[in-house]
Number of protein chains: 2
Amino acid sequence: MTPRTSAQGQSTRTDSATTSVEDYAKTIYGLAEWDDTAVSASALAKTLGVSNPSVTLMVRKMADLGLVDHQPYAPIRLTEQGRQLALAMVRRHRLLETWLVRELGYGWDEVHDEAERLEHAVSETFVDRLDARLGHPRVDPHGDPIPGPDLSMDHPDTELLCRVPTSSAVRLEQVDDSVPDALRVLAEQQVEIGAQVHVTASESGDVVVARTDAGEGIRLAHELAHAMRVSVVRSDGSGASGPGDLEN
Amino acid sequence: MTPRTSAQGQSTRTDSATTSVEDYAKTIYGLAEWDDTAVSASALAKTLGVSNPSVTLMVRKMADLGLVDHQPYAPIRLTEQGRQLALAMVRRHRLLETWLVRELGYGWDEVHDEAERLEHAVSETFVDRLDARLGHPRVDPHGDPIPGPDLSMDHPDTELLCRVPTSSAVRLEQVDDSVPDALRVLAEQQVEIGAQVHVTASESGDVVVARTDAGEGIRLAHELAHAMRVSVVRSDGSGASGPGDLEN
DNA sequence: TTGCAGTTTTAGGTATGCCTAAACCATACT
DNA sequence: AGTATGGTTTAGGCATACCTAAAACTGCAA
C-alpha cells in the first residue's frame, strides 16, 4: 500500500449521469487503473459488451458532459470530473459487496452481479449510511481498496500473479471480483486474502502455487492467475520470470 | 387482520418485466387494493405521473404480456399473473423499507423513495436472504403487511381515518408510506403504529385525534387523515360520521 | 511513397418509453 | 333521441442507447 490517490471535490456526480454513463466511466477507469494506458475505443467496447459505434457515440456524449477528453481517432481519457464519477461508482460497488458478504451471507463469488445492479440504484445518503454501518471499511472482501467519502483511496502496489517469477513467496492481496471462477477456486482451496503462498512453477502465464515451499501445488490457468494480484514477500532470484502477460 | 389473500405459483415474475412494467403492475394493484374498484386509465396516469396516451400504450403492452385484461375503453384489471408480479414488487418494497429502518437508521418518512429505486434492482435471491435476515417480518414499519415468499399476505381490515365517525376510539394500524408529511406529523407527535387514539372531531375529512378521550387534539388535514388507516376499538354511536371521502 | 490492415467514425435503423395534439367513443343530460 | 362533456385512443415525435454496414482515417510496411 503505497501511493494514496486523492480526489478532491466531493459530489461531482452529475445528475445527468445515466446508468450507461456510470458504467462507461467505471469501465474506463478500471481499464486504466493498473497500467496507466490510455483506453482505446475497441477495448472499451469489448469490456462493456457493446459495439464499437456505440462507444463512439457514448464517448462523444460523455465528452459533452465534461467526463472524458477525446479527440477523434485518439484514445480516451477521463477528466478529473469523470474520474470522480468513476470513483464514486467504485465506492458504491465495493461497499455493497462488503455488505452483501458480511451481512447477507453471500459468497464472495456471488456478489458482483448483484452489486453491479444495486450501485446504480442507491442514493448518496444510502452509501454514507452503509459505510458508517460497516465501520468505514478500507478494503472489500476481494481485497480491493474502497474509496472514502472524499473518494481518496489507498492504492496497493501489487503484481499480477501471472507475472511473478517462479520460486517467489507471495501474499494474496486482491482477486478480480468479476471472475467468479478465480474466486471459487480459491474458496475451495481455502486460500484467503492475506494468505501466503509459494509460486512453484509458472509457464506461459499458467501458475502453480503451493501453500508451503515444498507442498503440493494448485494449478491456476493463466486466465485465473491473471485475475489475482499479490505482493511479493521473497523473490528467489533463481527462478526465471514467467513470459509475462501474453494477451494484453 | 381477517382474510388472507393467497396467491399461488411462486415466481411468475416474467423476465420481460421492465422497470416500467413493474411500476404499472404495482400501481394498478395499489389502486384496487382497498376498494375493489376497477382501475381507469386516467387514474393510473395520474398516480404514475405520466400522460394518458402513455398509459394506453403500456397497458396494451402489458395485455400482450398477459399481465392485464383490457378491452378498449374499458377499465383495467390485473390478471392472476399480473397480480403476482405486483405482489412480488410489494414484497420487495416492504422488505427493503423494513431493512432501511431497522438496520440503516432511516426514518420511516425517508425510506419510500429509496425502496422505490432499489426494488427494481434486487434479485430474487437477495429478497429471500433479506427476508431471512430480518426474521420473516409480517409487517413493515408503516404497518403494511408483507407478502410471504409464496406471495400470500394478511389483509387487515382497516378503515381510512378520514372516514371514522367522531368519538370513536381507534388504533393506528397503517400509514401510507408515500405521504411523508403524514409520517412526519405522527413521528413529531410520537404516535406510533399500534397507538390508541380518540377521534374527537371530524369535519369534511379533516380529523382531530387525541391521545386520551379528553386530551388535547392533533389536527390532521383531510389529506393526511386519508393516508392513515385504523381499526375501530370503540365506536361511540353518538358521533356523526364524517362526510366520507370527498375526492375520488 | 504508396498501400493495406486495422481501428474508428458516420449513416441509417431498432426498441423502449415517454410526450402533445387531434380524433374518437360512451355516457349522461336536456 | 340528440348532443355535449369527458375519458380514451390514434397519430406523429423526441430521447436514450443499442445495432449493422459502409466510409474514413492512421500508421506501419513493402
Side-chain angles (χ1 to χ4, degrees), chain A residues 13-28 31-32 37-78 82 85 89 116-117 119-121 247-248, chain B residues 13-28 31-32 37-78 82 85 89 116-117 119-121 247-248:
Chain A
R13 233 194 130 210
T14 324
D15 14 349
S16 47
T18 64
T19 295
S20 283
V21 168
E22 289 175 347
D23 280 336
Y24 275 77
K26 203 179 54 153
T27 304
I28 295 167
L31 286 174
T37 323
V39 178
S40 75
S42 37
L44 238 190
K46 202 170 93 182
T47 309
L48 285 163
V50 302
S51 73
N52 242 312
S54 299
V55 168
T56 298
L57 258 39
M58 197 59 174
V59 165
R60 197 207 306 305
K61 178 180 173 180
M62 289 177 73
D64 292 346
L65 291 172
L67 297 170
V68 298
D69 285 331
H70 179 56
Q71 315 301 0
Y73 296 97
I76 299 152
R77 198 176 293 275
L78 288 174
L85 173 58
M89 298 313 296
E116 199 76 9
R117 273 174 287 113
E119 67 191 7
H120 302 295
E247 116 281 35
N248 181 27
Chain B
R13 232 193 130 212
T14 324
D15 12 350
S16 47
T18 63
T19 294
S20 282
V21 168
E22 290 174 346
D23 279 335
Y24 274 76
K26 202 179 55 152
T27 304
I28 296 168
L31 286 174
T37 322
V39 178
S40 75
S42 37
L44 238 190
K46 203 171 92 183
T47 309
L48 284 163
V50 301
S51 73
N52 242 312
S54 300
V55 168
T56 298
L57 257 40
M58 198 58 174
V59 165
R60 197 207 305 305
K61 179 182 172 178
M62 290 178 73
D64 291 347
L65 291 173
L67 297 170
V68 298
D69 285 331
H70 179 55
Q71 316 300 2
Y73 295 96
I76 299 152
R77 196 176 293 276
L78 288 174
L85 172 59
M89 298 314 295
E116 199 76 8
R117 275 174 286 112
E119 67 191 8
H120 303 295
E247 115 279 38
N248 178 26

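Below, all heavy atoms of this structure are taken into account, side chains as well, without hydrogens, waters or symmetry copies. Lettering follows sequence order; numbering is per chain, from 1.
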Enquirer: To the nearest 0.5 angstrom, please state how far the NZ atom of K26(B) sits from the CD atom of E116(B).
Expert: 3.5 Å
Enquirer: What string of B, S and - do you get for nucleotides 8-16 of chain C, 5' to 3', when a contact is any protein heavy atom under 4.0 Å?
Expert: BBB-----S
Enquirer: Report the distance from atom CD1 of I76(B) to atom CG of D69(B), rounding to the nearest 0.5 Å.
Expert: 11.0 Å
Enquirer: Could you check whether S20(B) gets within reach of a base, just the sugar-phosphate, or nothing at all, counting any heavy atom under 4.0 Å?
Expert: sugar-phosphate
Enquirer: Would you please name every residue forming a salt bridge (charged side-chain N to carboxylate O under 4.0 Å, His left out) with R117(A), sequence neighbours left out?
Expert: E114(A)
Enquirer: Working to the nearest 0.5 Å, report the span between CZ of R60(B) and NE2 of H70(B).
Expert: 8.0 Å
Enquirer: Taking all heavy atoms of A17(A) and all of L85(A), pick out the closest pair and write down the distance.
Expert: CB-CD2, 4.2 Å
Enquirer: List the residues meeting salt bridge (charged side-chain N to carboxylate O under 4.0 Å, His left out) with K61(A), not counting sequence neighbours, and say none if there are none.
Expert: none
Enquirer: Got D23(B) and E119(B) here, is their nearest side-chain heavy-atom distance under 4.5 Å?
Expert: yes
Enquirer: Less than 3.5 Å apart, which donor and acceptor atoms pair up between the side chains of residues 41-59 of chain A and the rest of the protein, not counting sequence neighbours?
Expert:
residue, atom, partner, partner atom, Å
T47(A), OG1, A43(A), O, 2.9
S51(A), OG, S54(A), N, 3.4
S51(A), OG, S54(A), OG, 2.9

Enquirer: Note the angle between the end axes of the helix from dT1(C)-dA30(D) to dT30(C)-dA1(D), five pairs defining each, rounded to 10 degrees.
Expert: 30°
Enquirer: For R77(A) versus A38(A), what's the shortest heavy-atom pair and its separation?
Expert: NH2-CB, 3.4 Å
Enquirer: Earliest and latest nucleotide of DNA chain D, 5' to 3', sitting under 4.0 Å from a non-hydrogen atom of chain B?
Expert: dG7(D) to dT10(D)
